[in-house]
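What you see is a predicted model; the values in this text were computed from it and never measured. So you know, we letter chains A, B, ... as the sequences are listed, proteins then strands, and number each from 1.
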There are 2 protein chains.
Amino acid sequence: MSDLGWELSTASVLFHEAVARRLGLTAVEHKALGMIVRGGPLPAGALAPQLSVGASAVTGIVDRLVRAGYVERRPDPDDRRRVLIAATADRPDLSAIFADLTREMGTVVARYDAEQLATIADYLEHTIAVLRAQTAKLSDPA
Amino acid sequence: MSDLGWELSTASVLFHEAVARRLGLTAVEHKALGMIVRGGPLPAGALAPQLSVGASAVTGIVDRLVRAGYVERRPDPDDRRRVLIAATADRPDLSAIFADLTREMGTVVARYDAEQLATIADYLEHTIAVLRAQTAKLSDPA
DNA sequence: GTGAATAGTTTAGTGTCGTGAAATACCTGG
DNA sequence: CCAGGTATTTCACGACACTAAACTATTCAC
């Protein structure tokens, strides 16, 4: 059982690596892209702390993402100093990857009834909470 | 539901990164260490393809792991050209991390009865299979 | 309105990591 | 025993990506 958890964790990491490699992105760039896709348009400065890099490094990271066509810089209407980084609308390779994954996961989920799904969701939630807590503990100079 | 899966995936990746950072290892070094800890003593050459680096790079990677005290080089009695990389017996920080995680995951697992655990295990197995298949597809020049 | 603070970029410099070729040691087939 | 192949290391080189500090533009506080 704990073996399965570890295998899943490893499989997740390998999958992330494979995606990054496929997209031609480094780990940090991939992470940044993930934040942008999820979090909507973000100011450049918001990325620096989460990526654990200096503000000046963000410029280069965004440059590469822009050059690769994954994001675009938009001026922030509210604050003309800021630059909002937004995911570009059309990213065929990226959506292909996730469409594939979503479809496959759909067939997995279809194996279970509502009650079983509730159990699985409960397990996932608690596992996520544990992982986040452990991550926080590791990051802190405890 | 698919949100949960994605969150778990992200949490796993962040956890792995936190572990690597805590141990003072780069992503490749951490990956190599994982292979060695799991797969028992491995010849240096076996690491190169899985890490996607050349054979000469492995020397440096192992050097850093040795210097940090996580692994040691052993001569292979069967083939004196080879060098087996083995995990060192005493790695207090490393076992502390995993002891903590294992304990917490134990309390999560304790929430369910045998039937529920079977469902969860089934879900994990199938999810792992999907992730591995997708990873393979991405890595292949399909 | 002026001065300090903020957002982002630029530049120069540094460090690190990986590649590729050559070197060493060893195994193996004939 | 010798030739060719394999496992690992060494070395010189090149490529990136990050940091730190200086620079520009803009906002905000008083």
Side-chain angles (χ1 to χ4, degrees), chain A residues 16-18 20-36 39-87 139, chain B residues 13 16-18 20-36 39-68 70-87 139:
Chain A
H16 273 251
E17 284 179 4
R21 177 161 307 189
R22 176 68 153 219
L23 300 180
L25 301 176
T26 67
V28 196
E29 288 155 15
H30 184 210
K31 194 171 172 181
L33 179 56
M35 292 174 59
I36 295 159
L42 289 173
L47 298 173
Q50 300 236 29
L51 299 176
S52 309
V53 298
S56 62
V58 175
T59 302
I61 292 167
V62 173
D63 278 350
R64 280 164 247 147
L65 289 177
V66 168
R67 204 171 305 137
Y70 295 115
V71 304
E72 59 187 8
R73 286 187 166 92
R74 290 165 156 267
D76 184 340
D78 294 343
D79 185 338
R80 294 211 300 265
R81 290 170 304 180
R82 280 199 221 177
V83 175
L84 293 178
I85 319 295
S139 306
Chain B
V13 173
H16 273 252
E17 284 179 4
R21 177 161 308 192
R22 175 67 153 218
L23 300 180
L25 302 176
T26 67
V28 198
E29 288 156 13
H30 185 209
K31 194 171 172 180
L33 178 56
M35 292 175 59
I36 295 160
L42 289 173
L47 298 173
Q50 301 235 31
L51 299 175
S52 310
V53 297
S56 62
V58 174
T59 302
I61 293 167
V62 173
D63 277 350
R64 282 164 245 146
L65 288 177
V66 169
R67 204 170 306 136
Y70 294 116
V71 304
E72 59 187 6
R73 286 189 167 91
R74 288 164 157 269
D76 184 340
D78 294 343
D79 184 340
R80 294 212 299 264
R81 290 170 304 178
R82 280 199 229 182
V83 174
L84 294 178
I85 319 296
S139 306

Without decimals, in angstroms, what is the distance between [X] [atom1] and [N] [atom2]?
| X | N | atom1 | atom2 | result |
| --- | --- | --- | --- | --- |
| A:Lys31 | D:dA17 | NZ | C1' | 16 Å |
| A:Glu29 | D:dC16 | CD | P | 11 Å |
| B:Leu25 | C:dC17 | CG | P | 11 Å |
| B:Asp63 | D:dT10 | CG | P | 7 Å |
| B:Asp76 | C:dA25 | CG | C1' | 14 Å |
| A:His30 | D:dA17 | NE2 | P | 16 Å |
| B:Leu65 | C:dT16 | CG | C1' | 15 Å |
| B:Arg67 | C:dC17 | CZ | C1' | 13 Å |

- prompt: Going by heavy atoms closer than 4.0 Å, what residues in residues 46-57 of chain B are next to DNA chain D?
  reply: B:Ala55, B:Ser56

Might you point out which heavy atoms bring [X] and [Y] nearest each other, and give the distance in Å?
| X | Y | result |
| --- | --- | --- |
| B:Ala32 | B:Leu65 | CB-CD1, 4.2 Å |
| A:His30 | A:His16 | CE1-O, 3.5 Å |
| A:Glu29 | A:Gly24 | OE1-O, 4.3 Å |
| A:Arg74 | A:Ala86 | CD-CB, 3.7 Å |
| B:Tyr70 | B:Leu33 | CB-CD1, 3.9 Å |

query: Within the pair B:Arg64 and C:dT16, is there a side-chain N or O less than 4.0 Å away from OP1 or OP2?
result: no

First encountered from the 5' end of DNA chain D, between B:Arg82 and B:Gly60: B:Arg82

Could you list all N or O pairs between the protein and nucleotides 26-30 of chain C that sit under 3.5 Å apart?
| from | atom 1 | to | atom 2 | distance (Å) |
| --- | --- | --- | --- | --- |
| C:dC27 | OP1 | B:Arg80 | N | 3.0 |

With rounding to the nearest 0.5 angstrom, report the [atom1] to [atom2] distance, [X] to [Y].
| X | Y | atom1 | atom2 | result |
| --- | --- | --- | --- | --- |
| B:Leu25 | B:Arg64 | CG | CZ | 10.0 Å |
| B:Ile85 | B:Met35 | CD1 | CE | 11.0 Å |
| A:Asp79 | A:Leu84 | CG | CG | 9.0 Å |

task: Can you establish whether the number of heavy atoms outside A:Arg73 located under 6.0 Å from its atom CZ is more than 12?
output: yes

task: Name the nucleic acid region contacted by A:Val58, choosing base, sugar-phosphate or nothing; use a 4.0 angstrom heavy-atom cut-off, strictly under.
output: nothing

message: Under a 3.5 Å threshold, yes or no: a donor from one side chain and an acceptor from the other, between B:Arg21 and A:Ser52?
response: yes

Short N/O separations, protein against nucleotides 13-15 of chain C, under 3.5 angstrom:
none

- prompt: Any side-chain heavy atom of A:Ile36 sitting closer than 4.5 Å to one from A:Leu47?
  reply: yes

